[in-house]
Structure formats: structure tokens, C-alpha cells
**Q** 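My structure is below; once you've seen it, I'll send some questions.
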Amino acid sequence: MDGKRRPGPGPGVPPKRARGGLWDDDDAPRPSQFEEDLALMEEMEAEHRLQEQEEEELQSVLEGVPPSAIDPRWLRPTPPALDPQTEPLIFQQLEIDHYVGPAQPVPGGPPPSRGSVPVLRAFGVTDEGFSVCCHIHGFAPYFYTPAPPGFGPEHMGDLQRELNLAISRDNRGGKELTGPAVLAVELCSRESECSPGISGLGGPLGRPLGEPRRAGRQWGQPWGDGRCSLPAVLGVRGRSQAPASSCLTGIFPEPERDPVIQICSLGLRWGEPEPFLRLALTLRPCAPILGAKVQSYEKEEDLLQAWSTFIRIMDPDVITGYNIQNFDLPYLISRAQTLKVQTFPFLGRVAGLRSNIRDSSFQSKQTGRRDTKVVSMVGRVQMDMLQVLLREYKLRSYTLNAVSFHFLGEQKEDVQHSIITDLQNGNDQTRRRLAVYCLKDAYLPLRLLERLMVLVNAVEMARVTGVPLSYLLSRGQQVKVVSQLLRQAMHEGLLMPVVKSEGGEDYTGATVIEPLKGYYDVPIATLDFSSLYPSIMMAHNLCYTTLLRPGTAHKLGLTEDQFIRTPTGDEFVKTSVRKGLLPQILENLLSARKRAKAELAKETDPLRRQVLDGRQLALKVSANSVYGFTGAQVGKLPCLEISQSVTGFGRQMIEKTKQLVESKYTVENGYSTSAKVVYGDTDSVMCRFGVSSVAEAMALGREAADWVSGHFPSPIRLEFEKVYFPYLLISKKRYAGLLFSSRPDAHDRMDCKGLEAVRRDNCPLVANLVTASLRRLLIDRCVGSRICSLCIWHLPALNILPVALCLSACLCVSVSSSRSPCLLVSFCLTLTLSASIWGSRNPPRLCA
DNA sequence: AGCTTTTATCCCTTCTCTATATTGC
DNA sequence: CTGCACGAACAAAGCAATATAGAGAAGGGATAAAAGCT
Ligand SMILES: Cc1cn([C@H]2C[C@H](O)[C@@H](COP(=O)(O)OP(=O)(O)OP(=O)(O)O)O2)c(=O)[nH]c1=O
Ligand SMILES: [Mg+2]
């Protein structure tokens, strides 16, 4: 392969642009700036890069790759001609970024500045699989600032001049941007979203229009889902690709030292069951593999170069793999740098734009600190399955092997790391074995991506919350809430203020009802509010825009029925005065969750059920994060009045629910036994109605839930969720029970909350022992002295008996120093047992 | 001097407090 | 022009609860040295 060729279709000149004609008619009434911006996003002229690229690509294919290696199916279909004047171009946005490029006049927009301007660039695919790159001109970054008293139109010229002067003085934007930074200053009147709804605080606000140098770094992603009008469940017919590379190595492969010996890639069109391409690039000859294309190179430089070229030709929309983000891709780039393969690191969609490695880290209270590397690949979505799994699923092990087994029931092709070197140094058959292993490594993440419906779920989340796909893996919950807030605020012409965040004290959260600990051999019905915090915010119209500062209610002459006072003493106006933004956002999120739940109810396949459950859970977390956002004191817009009110209402509600249930279901009211709430956490109550059958408990639970719901304003709803029978209540947030919900005559499963059985910070021995004991206790109902002798014979933990015995000498020391009763009991039991089994000639059959 | 008693010291266990990990909502 | 040091800016859903390890204090028993008695 000719290593000297420039990558891709030539230097990074942005391709030609067509203009949409939306504002060609200058006489047409001008929409407000907000609507304009929105419309710009919606109706933007877009152009197909493919057509002009294809010739070049073919050229490069012919030069770089043996003609026999080119399969026309690798390339995308040729897009039909599109008349931007008449036809809309509808596509799913995959990524959006911005660059500084030559100005283009936008009809009806601000006057074109000379020189370079910031341009938004959206990448995506259409339903037919055509690749789209949309250059969005005419968007000038802007901000609002309150005008000082006495500021009038006559001062605007001065302000603009001064601003430009100040900006050119501290020359921070670099040389990319030329011409004046501030294009215009306008006066307008807007209301800040944090101010009380009808306070009339919104004075005149100055509006410098466009200050590219600073703002170029400030703006995020306006209305990120590209306003795409595809149906909710869409087919992105893109290509996913899973590279996996093997390295010759000792323990830690070092890109400065250890060569890359194979790179395997699979190509898949979304919606098709099997990859249309399996490609193994190897160093040194390799025997053919059925169903895969093998290409061998003598020089490592050529191998890397070939892969880089391949990526550009195949042009995938999505790239997946396992830990590619932190290992494979950075390794390949570093290795190429070491070998001085100059044309390698151009993996993105913009020709001539270098892919570089950047260190970044994400930290939040939930996840702790996570350090990652970022390899830039403009226009492609990187869906590293490891990152996806780390965020979405709680697993005991995240190795590809464990994960594949867990979700797919498949194991990896096992090749010991230590023999990779030997295999590579063997013959073409041993290298073939290595390639098969490598292909499997690429195949598994791809299968996971498809089976776990990662893309479908991610696209839904991106659309609902209005952020680019890549944010879902690289950013947290705040950005999603901010994006939705901005979207909603824009609809209503409100502005979001910039507030300085300072840390403060924690506020009071939810109540956990003191548990009546014990073993219950009667059915316990569980009632739970559906989406408690979101529904509180909706029911009481809690929002930044409905909050009344202390005393304002009186000042504005609001009557008592126009506002409410929350348990914390804060005041909010009712819907009749103004409907809050947050309730509307929540409506949207909850309706998305409702759709997901409806799909879940229809599904029967266990894995798909698990996936759909994950999807509805993710939407639930997003909705709860709206509440969390208002209480995030190190955040963009904290408002403790809202979050404290929410938890305050919540505390009142669980208490009231408990009272209601215990007051209605009493002997005096004609029930056989008085009901008792034995436990409850935040928004749930566990009730003992005193009935002995599950069916009766279910009936009473349903009735009680409906009756209690009537005591709260819509959309707050208490739901009957499940019955536990029997129920073992150990302490707050720690209990177990057999769960009945779908039918009264058979339990659905055993449910464990907070016990060692579900925690991941114990050794498997403890977890297995606890699980097995609970099984005996709850399912086999062995209570009393027999429990020990019965349960221990069926411990899965016994599988490790011989090992335990051998290691007991050393283990004893470390175990006995532990203070954990669980661990001690497990270990002692195991030890006793192993001794007795060791001695018996015919050990009992161990159950798996 | 030899024995007993007192006291200081060491070592061990037990308790308390804090930080961390993880889960439940 | 490049490399380095420094500061600013950016980003980060929430609280309640349990279990456990580790550090350190407190307390008790064993032991040996010191003191006291005959
Ligand atoms: C799960 C969860 C709950 N909460 C709070 C807000 C929830 O409304 C409240 C009750 O938790 P849940 O009952 O677990 O959740 P939910 O009521 O929102 O949804 P549903 O019952 O329909 O499944 O606890 C959070 O703040 N963050 C969370 O991650
Ligand atoms: Mg709930």
C-alpha cells in the first residue's frame, strides 16, 4: 500500500453548499430570533458529501487496495438528486460540532461578516442510509445581559465598539476569526426563568448579537436531536464497526515497543442480522478463514495504513468494540505515531482533520471519578460497549468474557495471552487461529450492541432529552436537564440565567419508616407511588418560573387560591396563573417512559424484557434527575426551594399514606384484622392486612391504592405493586421476600434488597451462601433448627470446597481478622462442611 | 537477703469515630 | 516557533442507610521492675 497518499478525498475544504430558500422573501414577516434559530436548525440546507467523495474514494481504493479486495457493497448507495428548494431532507443526527469557516450570506439573517465565521456542522444518516453532512450557516452565538438603568438605544453603538475593542485587545480567539467579533447589539425585553412568574422583574435586556470568539467555546448543542421527524422507533441504517486488535506483548503492551499484529473489523448494516463484511488484517501471512476476508502485510506500517484507509472507504457511522475508547484506538494512533505512519490518524469524516488523543475525566457523586481517553473521530459515533455497560448495568465483572456469557450465553474463543507471541511467530495456521480469536473479539461487542438495543435506546434518549448521542456516554445528567430546560424556555421566550454555584449544606431528603423487623409468614402488600417526585412537581406546579420569592405573593395581590405554600414554607403559583417549565419537561419524559413500559408489558423474551426494563429505568432516572438538578448545589441552576419542597411533600405523603391505610383497615371498620404498615421507604408502604392468602392481599392492596390515590391531586398516583409472601425484614433498606405480582398462585421470583446477596463488595462465597440460605428459608420454608442442616447441603458455594480446604490454613488468618459476621459464618460453615465431605467417600451431589 | 506489694509497662481486646463502598429510594 | 508554568473555566442529578475497615482511645490482665517489709 502506498503510504504517502493523502488520506481521504483531499484537503479539508468544506464542500460546496446549497442554500435553502426559507427567507428569500425579504418582505415576509420576520419570526422572532428564537423561532429563526429553530427554523434554521430544522430547514437547514444540507448536502450529500458522498457524491463528490465517491470518485475520490474509488480512486483511492484503486490505488491503495488490490482491485480484488474491493467489494462494491462496502460503499454506500449513491444518493438521488435532491432539490433543496422543494424537498426536505430528513435525517437522524449522529453528531454535531462546529468549525470556523468562510462566511456565507444567509437571507434574512444578520448581515454577513467578512472573513471567517462559526459554522455548525451536523452529521447524520437518512432512512435510506445516505450519509449527510449539514453545514449550518447564519447562526451567530449570542448572550443576553441586563441593561443598566438609563441604558438606551443611543448607547448601543458605543457598547459594541467598546466590546470589539476589548476583544481585539486580549487576543484570545486566535487568528481563525477575522473581522469584528460583535456583529450587533440589540435591545429587547425578556424574562429570566428564575424570576417569579408575574413579578414584572424582566426589565430591558441588552443583547449583543454574536461574539464568536468567546462564544465559540460557550455554546453547546442547541436543540440537539436535529428535529428529525422519523417515527419514534427508527432504523438507523448505518454501519457499525467493531475493530479489535491484538498486540505482541508482555504484560502491558507499550505502543512504543509492542507491534500491532492483527486488526479485525466487521461491517454491519443496521437492521440486518449478520455482518456483511468480516475483515482480518494481519501481519505476516495467514491461512484463509471461511466467511472472512483476510489480508496480510509484511510491514506493520502497511497494516496500520490499510486499516486507516479501510475506515475511510467504508465510512462507518458507528464504531463499537470493547474498551476501544481507552485502549484500542489510542494504541493504534500512538503506534502509528511511533512508526511514523503520517497518514494514519485521519479517522473522522472531515478530510484532513487529524484524530488526536485527549485525556478527560468524568466525576459525579454517583459514579465517582472515571478517567477516560477520547479519540476524536469527527462525524462518527463511538459506542464503546464497555463504557455502555459500565453506565447502564451493574455487573460483578465487566470482562468481555463474563459480559458475553451473561447476556449472550457465549464465551470467548480462549487464547491465553502468553501464547499470542508464539502463535504469531508460528506459521500461517497459528496466525489463522489468532485471527479467528480476534474476529470473535470484534463480533461479540457487535452482537451485544445489537442484542442490548444500545443504539435504539440511545437515540430515543438523545431525542427525548435533546443532546447529541456522544453526550450520553461522555456527559452526565445535568446537561440533559439543561438541554430540555432550554428547549422549553425557548418555546416560551424565556431566558436561562447564569448563576454562580457555591456549595452549601445538604437538605433533608426522604423518610424511611422504622421497620418492624422480623420474619413474616403472611402476605405483605406493597403500595408504591408511581414516579413520586416528578408527579409532585407536576401536581403542585413546582418550577423556577412559578416560585414566588418571600412576600411577593402578597405584593402582587394574589388570592389564596392562586398559589400554594409548600411544607417548607415556599410559595409557588398555580397552573391557572402560569404553567411551569419543569412540569412540562416531566410530562414529556414520563410519556416516553410510559411508552417504554407498554412495550415491556408486551414482551416475552427474557433478554429483551431486561433491555426494555433498562430503557424505562433510564427514562425514570432522567425524570428523577430533573428533581436532582434543582438540588444540585454544584450545578448550573440550583434551586433548593424546589427540591426541598419536593422532599417535604414526599415526607408528608408517605406519612399520610400510612395513616390512611392504618385508619381504614381496622377491626372497627369491619375487617378481620387491623392493617399495619410494617415498613416503607420514600414512596412505598409495606402493609400487613392480616389476611392469609396472596389473592386477598392483592385485592385489598389494589383497593387501598385506589382509595389512597383519591386523597392526592392528579397526577399523583399510588399503585399496588406486589405482594411479598413470606417476607423477611432485616432492617432499613435490607429485606427479602418471595414476590407475587402477575398471579396470586405462583411467585414470580425471590426478591432481595440490600442484602449481601445483591451487593458486589462481597466474595461469591458469602453471596452464594446468603442466597442459598434465603432460598431454603423463603422458598422451601425451612424455619427453625432444620434450616442449617438442610440449606448447607445445597450450597453452590460447596463447589469451591477442595480449594477452600487447601487454602484454609492461610485464609484462616485473614478471615479471622475480619469483623464481618457474614464472611465469618460463611467461612466457618464451609470449613466444617468441607472437612466432613472430605472424609466421606461419596460426597452429595452438589447443585449448580 | 528474701518475700510481698506496688507500680509501670506492654499487649491484647473492646469501643468509638471516621472514611469508604454500595445500595435503596 | 515551541515548550513550560500558571490561572481561569468547565463540569459534576439528589439524600438515607447499612456494613466494614482502619485508626485511635480506653480498659484490663500479665509481667517485670521498684519499693516496702520482716
Ligand atoms: C430510583 C430513584 C428514586 N429517586 C426518588 C425520586 C422518586 O420519585 C422516589 C421514589 O423512587 P421509586 O419508587 O424507585 O421511583 P418512582 O416512584 O420515581 O418510579 P416508579 O415507582 O413508578 O418506578 O425516589 C431519586 O431521586 N433517584 C433515583 O434514582
Ligand atoms: Mg415509586
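Chain naming here is simple, since letters A, B, ... match the order of the sequence lines and numbering starts at 1 in each. All values below were derived from every heavy atom in this structure, side-chain atoms included, with hydrogens, water molecules and symmetry-related copies excluded.
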**Q** So A:Phe362, base contact, sugar-phosphate only, or nothing? Heavy-atom distance under 4.0 Å.
**A**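 Answer is sugar-phosphate: A:Phe362 comes under 4.0 Å of backbone atoms only.
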
**Q** Using a 4.0 Å heavy-atom cut-off, does A:Lys394 contact any base of the nucleic acid, only the sugar-phosphate backbone, or nothing at all?
**A**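 Touches sugar-phosphate only.
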
**Q** Indicate whether the side chain of A:Ser360 and that of A:Thr372 have a donor and an acceptor atom separated by less than 3.5 Å.
**A**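 On atom types as modelled, these side chains qualify, holding a pair under 3.5 Å.
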
**Q** Going by side-chain hydrogen bond (donor to acceptor under 3.5 Å, both in side chains), A:Arg593 matches just one of A:Ser531, A:Ser530, A:Ser622. Which one?
**A**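 It is A:Ser531; the other options fail the test.
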
**Q** Please determine whether a side-chain nitrogen or oxygen atom of A:Lys365 lies at a distance below 4.0 Å from atom OP1 or OP2 of C:dG14.
**A**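 Yes, because at least one side-chain N or O of A:Lys365 sits under 4.0 Å from OP1 or OP2 of C:dG14.
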
**Q** For DNA chain B, which nucleotides open and close the run of contacts to chain A, 5' to 3', at under 4.0 angstrom from a non-hydrogen atom?
**A**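 The protein-touched segment is B:dA21 to B:dC25.
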
**Q** Determine whether A:Ile642 and A:Leu582 make a side-chain contact, defined as any pair of heavy atoms from C-beta on separated by less than 4.5 Å.
**A**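 In contact.
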
**Q** Could you check whether any side-chain heavy atom of A:Lys722 comes within less than 4.5 Å of a side-chain heavy atom of A:Asp751, counting everything from C-beta outward?
**A**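 Answer yes - side chains close enough.
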
**Q** Who pairs with A:Asp371 by side chain to side chain contact (heavy atoms under 4.5 Å, CB included), at least two apart in sequence or on another chain?
**A**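 Side chain to side chain contact (heavy atoms under 4.5 Å, CB included) list for A:Asp371, sorted by chain: A:Ser361, A:Arg369.
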
**Q** If we count only N and O atoms by modelled type, under 3.5 Å, do the side chains of A:Gln659 and A:Glu655 hold a donor and an acceptor together?
**A**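 On atom types as modelled, these side chains qualify, holding a pair under 3.5 Å.
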
**Q** May I ask you to decide if A:Val723's main-chain N or O and A:Thr526's side chain share a donor-acceptor pair within less than 3.5 Å?
**A**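 No; zero donor-acceptor contacts below 3.5 Å.
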
**Q** For A:Gln477 and A:Asn762, take the nucleotide of DNA chain C holding the closest heavy atom to each; which residue's nucleotide lies nearer the 5' end?
**A**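 Checking each residue's closest nucleotide, the 5'-ward one belongs to A:Gln477.
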
**Q** Output every pair passing salt bridge (Lys or Arg N to Asp or Glu O under 4.0 Å) with a member in residues 617-643 of chain A, not counting sequence neighbours, ordered by first then second residue.
**A**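 Output for this query is empty, none listed.
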
**Q** How close or far is atom P of C:dG14 from atom CD of A:Glu505, stated in whole angstroms?
**A**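 So the two atoms are 16 Å apart, to the nearest Å.
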
**Q** Rounded off to whole Å, could you give me the CG-to-P distance for the A:Leu542 and C:dG14 pair?
**A**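 Rounded to whole Å, this separation is 19 Å.
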
**Q** Expressed in angstrom and rounded to an integer, what is the separation of A:Leu582 atom CG from C:dG14 atom P?
**A**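 The answer, rounded to whole Å, is 16 Å.
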
**Q** Would you mind checking if A:Glu392 and A:Arg615 are paired as a salt bridge, meaning a charged N to carboxylate O distance below 4.0 Å?
**A**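 Here A:Arg615 does not pair with A:Glu392 in a salt bridge, since their nearest N and O are not under 4.0 Å apart.
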
**Q** With sugar-phosphate meaning primed atoms plus P, OP1 and OP2, does A:Val481 contact a base, only sugar-phosphate, or nothing at under 4.0 Å between heavy atoms?
**A**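 The answer is nothing, as A:Val481 stays clear of every strand by at least 4.0 Å.
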
**Q** Which whole-number value in Å describes the distance from A:Met461 CE to C:dA13 P?
**A**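 Computing the A:Met461:CE to C:dA13:P distance gives 13 Å.
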
**Q** Among residues at least two apart in sequence or on other chains, which ones pass side chain to side chain contact (heavy atoms under 4.5 Å, CB included) with A:Arg565?
**A**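 For A:Arg565 the side chain to side chain contact (heavy atoms under 4.5 Å, CB included) partners, ignoring immediate neighbours, are A:Glu571.
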
**Q** Rounded to the nearest angstrom, tell me the gap between atom CZ in A:Phe649 and atom P in C:dG14.
**A**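 Value for this atom pair: 22 Å.
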
**Q** Please write out each protein N/O paired with an N/O of nucleotides 16-19 of chain C under 3.5 Å, distance rounded to 0.1 Å.
**A**
from   : atom 1 : to       : atom 2 : distance (Å)
C:dA16 : OP1    : A:Gly509 : N      : 3.0
C:dA17 : OP1    : A:Lys732 : NZ     : 2.9

**Q** Considering just the side-chain nitrogens and oxygens of A:Gln366, establish if one lies under 4.0 Å of OP1 or OP2 belonging to C:dG14.
**A**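 Yes.
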
**Q** Does A:Ser364 reach a base, just sugar-phosphate, or nothing at all? Heavy atoms under 4.0 Å.
**A**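 If one applies the 4.0 Å heavy-atom cut-off, A:Ser364 turns out to touch the sugar-phosphate alone, with no base involved.
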
**Q** For DNA chain C, what is the dot-bracket line, given that a base pair needs Watson-Crick (N1 to N3, plus N6-O4 or O6-N4) or G-U wobble (N1-O2 and O6-N3) geometry with both distances under 3.5 Å, and | means paired with another strand?
**A** .............|||||||||||||||||||||||||

**Q** Would you say the side-chain atoms of A:Ser483 pair up with the backbone N or O of A:Gly466, donor to acceptor, closer than 3.5 Å?
**A**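 Yes; at least one donor-acceptor contact below 3.5 Å.
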
**Q** Once you round it to whole Å, what is the distance between C1' of C:dC10 and NZ of A:Lys636?
**A**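 Taking atom C1' of C:dC10 as the reference, NZ of A:Lys636 is at 7 Å.
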
**Q** Base, sugar-phosphate, or nothing for A:Tyr735, non-hydrogen atoms under 4.0 angstrom?
**A**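 Sugar-phosphate: the residue A:Tyr735, judged by heavy atoms under 4.0 Å, touches backbone atoms but no base.
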
**Q** For A:Gln363 and C:dA13, what is the distance between atoms CD and P respectively, to the nearest whole Å?
**A**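 My rounded result for the distance is 10 Å.
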
**Q** Would you call A:Glu719-A:Arg702 a salt bridge at under 4.0 Å N-O?
**A**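 Salt bridge between A:Glu719 and A:Arg702, a charged N being under 4.0 Å from a carboxylate O: no.
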
